[in-house]
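A short worksheet on the structure shown next.
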Amino acid sequence: MGTNYVIRPETPADYAAVENLTREAFWNVYRPGAVEHFLLHRYRSLPDFVPELSQVLEAEGRIAGHILYSRAELHREDGAVLPILVFGPVSVLPEYQQRGYGAALIGHTLAEAAEAGFGAVVITGSPEYYRRFGFAEAKTLGISYDGVPRDEPTPYLQALELREGYLAGGPWVYRDPPGYVASDEDVDAFDARFPLKQKLRLPGQL
């Protein structure tokens, strides 16, 4: 990957372009159509949204990538709550994928999150991909996935301490933030604002 790109905080003037690139990046990838652009749009008005970590990558004079961060929590059986971060979607325009831009966004913003004093990040994703950033299987750090038996492997649930020892004191339970759940009706209503695209059922979708 070249170095001819800039990563900067997202501004309100970027919102439309970022929502469009998120739609393009995820269209027909995990499901027919996409939901990620709607989740992004809605998250900006939620209290868990972390605007200083919502950043864009500019390349060749256009916004080619974006990452969203939000606050979440880990829970303990005695009622204790531990604040954490989650990120996603991480979006790169299809024509700019495979250039390392997504990795650049993740690495840059993780460093900024650590500098800002956040304690840990939990995400769901590919262990092979996220290992490069220091993520480990969450179970090894005492975190289980809500609704999944503790003895069942969850390699896709990944965690990273930004402050050493921050996740001590578990075991903890991770629950998906409510902002990451959307109804088909709400997604379709929002998607009607965009140019019509064909939804396809493709191999490999969830």
Side-chain angles (χ1 to χ4, degrees), residues 7 9-58 62-75 83-98 101-103 105-106 109 113 121-126 129-130 138 145-148 154-158 173-206:
I7 297 175
E10 177 190 53
T11 71
D14 302 321
Y15 286 177
V18 167
E19 288 166 5
N20 185 70
L21 86 83
T22 302
R23 183 179 188 245
E24 293 294 320
F26 287 96
W27 194 261
N28 291 334
V29 174
Y30 296 116
R31 52 176 274 168
V35 65
E36 289 79 5
H37 58 312
F38 171 70
L39 298 179
L40 167 63
H41 172 80
R42 186 176 62 180
Y43 242 111
R44 295 196 187 101
S45 63
L46 297 180
D48 289 337
F49 175 58
V50 185
E52 63 269 28
L53 293 177
S54 180
Q55 305 213 0
V56 298
L57 182 148
E58 291 184 332
R62 65 188 299 198
I63 296 176
H66 173 263
I67 189 168
L68 167 75
Y69 276 79
S70 60
R71 294 176 179 84
E73 296 175 339
L74 298 177
H75 297 261
I84 59 167
L85 286 174
V86 297
F87 66 69
V90 183
S91 310
V92 177
L93 282 170
E95 59 266 39
Y96 288 91
Q97 293 175 7
Q98 306 302 318
Y101 289 156
L105 275 165
I106 293 168
T109 52
V121 183
V122 175
I123 52 106
T124 55
S126 165
Y129 182 79
Y130 287 106
Y145 208 154
D146 188 40
V148 178
T154 53
Y156 50 86
L157 186 66
Q158 302 280 299
V173 175
Y174 171 77
R175 300 170 184 162
D176 290 317
Y180 278 92
V181 179
S183 70
D184 290 340
E185 293 78 12
D186 287 343
V187 174
D188 289 343
F190 180 68
D191 196 59
R193 304 181 186 185
F194 295 80
L196 183 65
K197 289 175 68 72
Q198 185 178 11
K199 296 181 180 181
L200 299 174
R201 171 63 67 186
L202 300 175
Q205 292 175 344
L206 300 179

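Computed from a predicted structure; not experimentally measured.
- Using a cut-off of 4.0 Å between Lys/Arg side-chain N and Asp/Glu carboxylate O, D191 and R23 are scored as salt-bridged.
- Counting heavy atoms of neighbouring residues, nucleotides and ligands inside a 6.0 Å radius, atom OH of Y15 exceeds 12 of them.
- Counting heavy atoms from C-beta outward, E19 and F194 have side chains that approach closer than 4.5 Å.
- Of all the heavy atoms in V187 and A182, the pair that sits closest is CG2-CB, 3.9 Å.
- At a threshold of 4.5 Å between non-hydrogen side-chain atoms, the residues V86 and P177 count as touching.
- Residues that satisfy the side-chain hydrogen bond (donor to acceptor under 3.5 Å, both in side chains) test with E95, not counting sequence neighbours, are R62.
- Atoms CG and OG1, on L85 and T109 in that order, are 9.5 Å from each other to the nearest 0.5 Å.
- For the atom pair CG (L57) and OH (Y101), the distance works out to 6.5 Å, reported to the nearest 0.5 Å.
- In this structure, OH in Y156 is found 8.5 Å from OG1 in T124, a value given to the nearest 0.5 Å.
- Expressed to the nearest 0.5 Å, how far OG of S54 lies from CD of E10 amounts to 3.5 Å.
- Taking 4.5 Å as the limit, some side-chain heavy atom of P94 sits within range of a side-chain heavy atom of E24.
- Of the inter-residue distances, the one linking Q158 atom CD with Y130 atom OH reads 9.0 Å to the nearest 0.5 angstrom.
- Evaluated for a ring-ring contact (aromatic ring centres under 6.0 Å, His included) with Y43, the options Y69, Y180, F49 yield exactly one hit, Y180.
- By the 4.0 Å N-to-carboxylate-O rule, E36 lies too far from R31 to be salt-bridged with it.
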*Can I7 and V56 be said to form a side-chain contact (heavy atoms from CB on, under 4.5 Å), step by step?*
CA-CA 6 Å; I7 297 175; V56 298; over 6 Å; no

*Start with the C-alpha gap between T22 and H41, add the side-chain angles, then the distance that decides, and say whether side-chain hydrogen bond (donor to acceptor under 3.5 Å, both in side chains) holds.*
CA-CA 10 Å; T22 302; H41 172 80; over 6 Å; no

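- Every side-chain hydrogen bond (donor to acceptor under 3.5 Å, both in side chains) that D188 has, sequence neighbours left out, goes to K199.
- Counting only heavy atoms from C-beta outward, the side chains of F87 and L68 never approach each other to under 4.5 Å.
- Expressed to the nearest 0.5 Å, how far CG of L21 lies from CG of L40 amounts to 8.5 Å.
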*Are F190 and H37 close enough, and set up right, to give a ring-ring contact (aromatic ring centres under 6.0 Å, His included), and what steps lead you there?*
CA-CA 9 Å; F190 180 68; H37 58 312; 5.6 Å; yes

